[in-house]
Amino acid sequence: MGLTSAIIIASSATTSRYLLNAPNPSFSPRLSFSKICNLSLNRCRRSLSRKKSYRRVCCSQVQIEEGTDEEACELVNGAEVSIGEGSDTVPAYLLSAVKNNNGTGILLLSDVFGFEDSCTRDFAYRIACNGYNVLLPDLFNGDPWGKERPKSSYEEWRATHNQIATKNITTSIKWMVEEFVAAGISKKLGIVGFCFGGGKVIEVLAEDEEGCFGLGVSFYGTRIDPSVAAKVKVPVLYITGDEDPLCPVKVVEEIERENVGGSKVVVFKGRGHGFVHRPASVEDDTDAEEAFTMMRNWLHNGLVVEKN
């Protein structure tokens, strides 16, 4: 089944108000769409009260809600995709820029809260808005970590799901290479990750013997082993806060001293864990915007400019 046919069939049960725009024609027809989202992801809404309290409202809903800025949503097409075969099938979101697509693929690895988390999906949408095709896979087979779970069970959960994540990332990379690189859409892919995913970025790049990825971005990656980072041959942008106990500054600074793959470390003063995709204050939000700009420039200069 061709890509256009898949969209027509998937859209037949929806109202015309929810139909996606036509897909980027450069995508391979081999894309396996399990379900088409009724809408691309919407940007986060932020508001400041007069009492100077901060509230971040994430609006990453599958359907357009009343009052949503539909024009902004037209910048990106969103789809739920099923990649791999049989027991190795991995659900994922694929977000593709519509008007300014630069033909570059980005693999985005989530934190432990999974690929359906609204803040992670909002971030994926923002990357796609800048011209990219972003794949956001389910790393945990539908069983992400939840804040309601007892902290005492985290290490047990992580031990079992770490291996699952590794397998699902491998499946995702294989799919992206077949659909993006082999089709000539991307010569090199980019990889970005937060927290758990930020640590996985380094593991993936250290084992990337085929040279699939041109660069990486690790936002406050957890449990990064400098000896593993030393094996990375491409530039990595490390972003963390000096008050983040889960991504110690001394670890990323050790990597920077070794100048591993032309990597760069940026440490934000006064920022804790998760400040880029989960800002909790006005100050967090300001630095989050700066960090996003750094990432955007890193991706553009290393993938888009190089590609052209």
Side-chain angles (χ1 to χ4, degrees), residues 1 3 6-7 10 20 23-24 27-37 40-41 60 62 76-96 104-125 127-128 132-146 157-183 185-186 189-208 210 212-213 216-218 221 277:
M1 180 185 296
L3 181 57
I7 288 181
L20 285 172
N24 186 329
F27 280 123
S28 164
R30 297 195 305 277
L31 294 180
S32 176
F33 282 76
S34 60
K35 178 182 176 183
I36 303 298
C37 288
S40 53
L41 307 181
S60 294
V62 173
V76 173
N77 277 342
E80 294 180 15
V81 299
S82 178
I83 57 182
E85 298 179 356
S87 60
D88 292 330
T89 299
V90 178
Y93 288 114
L94 177 63
L95 298 144
S96 304
T104 303
I106 303 293
L107 176 61
L108 180 61
L109 305 181
S110 73
D111 57 19
V112 294
F113 298 110
F115 82 128
E116 293 184 306
D117 177 82
S118 60
C119 290
T120 299
R121 286 195 283 171
D122 285 330
F123 201 90
Y125 173 79
I127 296 176
Y132 297 93
N133 305 293
V134 183
L135 183 70
L136 176 60
D138 176 9
L139 302 183
F140 309 116
N141 288 355
D143 184 35
W145 177 253
W157 175 89
R158 197 183 195 283
T160 57
H161 289 70
N162 185 58
Q163 191 171 21
I164 293 172
T166 298
K167 179 178 70 69
N168 289 356
I169 291 171
T170 299
T171 299
S172 300
I173 294 172
K174 182 176 183 294
W175 184 86
M176 291 188 77
V177 169
E178 292 177 349
E179 298 297 337
F180 288 79
V181 179
I185 298 171
S186 291
L189 304 172
I191 182 169
V192 179
F194 306 106
C195 315
F196 176 91
K200 283 294 182 184
V201 164
I202 308 308
E203 294 179 16
V204 169
L205 293 178
E207 298 176 1
D208 184 24
E210 300 298 322
C212 301
F213 295 98
V217 181
S218 175
H277 72 307

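Everything numeric in this text was worked out from a predicted model, so none of it was measured.
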Exercise for the section: Would you please test C212 and V181 for side-chain contact (heavy atoms from CB on, under 4.5 Å) and show each step? Expected result: CA-CA 8 Å; C212 301; V181 179; 5.9 Å; no

Practice task
Take L135 and I83 through the test side-chain contact (heavy atoms from CB on, under 4.5 Å) and record every step on the way to the result.
Solution key: CA-CA 10 Å; L135 183 70; I83 57 182; 4.1 Å; yes

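In K167, the NZ atom is crowded: over 12 heavy atoms of neighbouring residues, nucleotides or ligands sit closer than 6.0 Å.
Using a 4.5 Å cut-off on side-chain heavy atoms (C-beta onward), L107 and S172 make contact. Here the side chains of V112 and R158 are not in contact, with every heavy-atom distance at 4.5 Å or above. With a 4.5 Å cut-off on side-chain heavy atoms, W175 and V90 do not count as touching. Annotation: side chain of T170 is not in contact with side chain of D88 (no heavy-atom distance under 4.5 Å).
Closest approach of L109 and P137 over heavy atoms only: CD2-CG, 4.4 Å. For L108 against G193, the heavy-atom pair with the smallest separation is CD1-N, 4.5 Å. When all heavy atoms are compared, the tightest approach of V134 to A128 is CG2-N, 3.8 Å.
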Tell me which donor-acceptor pairs under 3.5 Å the side chains of residues 194-202 have, and how far apart each pair is, sequence neighbours excluded?
| from | atom 1 | to | atom 2 | distance (Å) |
| --- | --- | --- | --- | --- |
| K200 | NZ | N162 | OD1 | 2.9 |
| K200 | NZ | T166 | OG1 | 2.7 |
| K200 | NZ | E203 | OE1 | 3.1 |

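In this structure, the side chain to side chain donor-acceptor pair (under 3.5 Å) partners of D111, at least two apart in sequence or on a different chain, are H277, R278.
Note: W145 and F140 fail the aromatic proximity criterion, with ring centroids not under 6.0 Å apart.
No donor-acceptor pair under 3.5 Å is formed between the side chain of T171 and the backbone N or O of G84. Side chain of N168 to main chain of D138: a donor-acceptor pair is present (N/O by atom type, distance under 3.5 Å, no hydrogens or angles).
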